[in-house]
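Quick notes on the structure that follows.
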Amino acid sequence: MRMKKLERLAAALPKAELHVHLEGTLEPEMTFHLARKHKTKFRFPNAEALRQAYQFKDLQSFLDLYYEGAGVLRDREDFHVLTMAYLEKAVRDGIWHVEPFFDPQTHTARGVAMKEVVEGIVGALKEGEKRHGVTWRLIPCFLRHLTEAEAMKTFEEMLPFREHFTAVGLDSSEKGNPPAKFERVFAQVRDTGLKVVAHAGEEGPAEWIREALERLQAVRIDHGVRCVEDAELVKELVEKQIPLTTCPLSNVRLCVYSDLGKHPLKQLLEAGVSVTANSDDPPYFGGYLLENWLACSRELQLEERHLVQLAKNSFTGSFLSEKEKAQWITKIDRVVSSLGGGSSS
Ligand code: ADE
Ligand code: ZN
């Protein structure tokens, strides 16, 4: 009974998704469809065999397969179809605003032009906004396993498309690649008026969350779950209301936690951190955003107030204007009252 009520609320609440990698939304069936289209060989015989290979021991074992899969994305139409497919799922989950990541270097290194990638994605985001009313802000990321010089070169290639971007992120293999490695390129990013977000404290230490905040001047931290190892840092995140975009199912599939019951989402919510729950790379980790919320509701015994706070944080932590954020908070409160719920913060 409790779960039925929470499921209804979770589905009905307006939500924003702040942590999803477009390349990570590639469903195995689409991988095979695109491999056939481009007449490329793929080392798995079919989609089911590929899905069976989604067993990871850490972030790197996932990234190896993720980059291999992304190799089937070759032209503007592929990026358009990929993005549209994600948006359809987002609409199904009650998401009204998305801030997806993509990794330009994964494609430009294979000879795919930046223009094909960006225009394919942006065309779909515009179509999704027109068709479904889902607003968006787009975030290209630098791959942290590559050098800062390569990030600089990529940033120059991104500049003609600057108008489409709101922030630049940092993702890929965290171990061995601290935020400070990219200090100079992110100074250039900020000089152009773009915001900075960074994956930090997923597998790397809490100290790298501080480093991303101080040396890169990141305004939002992706994952950030290892902040719980540093009480002073948690205090600072609360005081400054720095959003953390956590991805609970991802953390379990990549063995950051042995089970969802150990995930710090509820602890962070109760401490007053502006934490959100997102999907990261949904087909790889067994669920889109709503499935993340429902799994957490079950395994962490979340209550109505937690879900309402997650919905509010997803908008307040976004790059929407203050006015738009306030409008979403009002809408969330209306949905809660229409379902006969109590109010939250
Ligand atoms: N790229 C796609 N998913 C990622 C994750 N969870 N961490 C770092 N880089 C990623
Ligand atoms: Zn991520």
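All values reported here derive from a predicted model rather than from experimental measurement. When a residue number appears, it is its place in the shown sequence, counting from 1. Counting starts at 1 for both ligands and their atoms, following the listed order.
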Face-on cation placement of Arg92 at Tyr288 ring, 6.0 Å and 45° thresholds:
yes
Within 45° of the ring axis of Trp96 and under 6.0 Å from its six-membered ring centre, is that where the NZ or CZ of Lys331 lies?
no
Between Gln241 (side chain only) and Val238 (backbone N and O only), is there a donor and an acceptor less than 3.5 Å apart?
yes
Between Phe186 and Phe142, does the ring centre distance come in under 6.0 Å?
yes
If the condition is salt bridge (Lys or Arg N to Asp or Glu O under 4.0 Å), which residues does Lys325 pass it with, not counting sequence neighbours?
Glu322
Within less than 2.8 Å, report the number of protein N/O/S atoms around the Zn ion (ligand 2).
4
Report the residues that fulfil ring-ring contact (aromatic ring centres under 6.0 Å, His included) with Phe319, sequence neighbours left out, ordered by chain and then residue number.
none
Side chain to side chain contact (heavy atoms under 4.5 Å, CB included) assessment of Thr192 paired with Leu159
CA-CA 9 Å; Thr192 66; Leu159 282 177; 4.0 Å; yes
Near ligand 1, which protein residues have a heavy atom under 4.0 Å away?
His21, Leu59, Phe62, Leu63, Tyr66, Asp171, Ser172, His199, Glu202, His223, Asp280, Asp281
Drop me the distance from Tyr86's OH to Leu26's CG, to the nearest 0.5 angstrom.
14.5 Å
Do NZ/NE/NH1/NH2 and the carboxylate oxygens of Glu291 and Lys89 come within less than 4.0 Å?
no
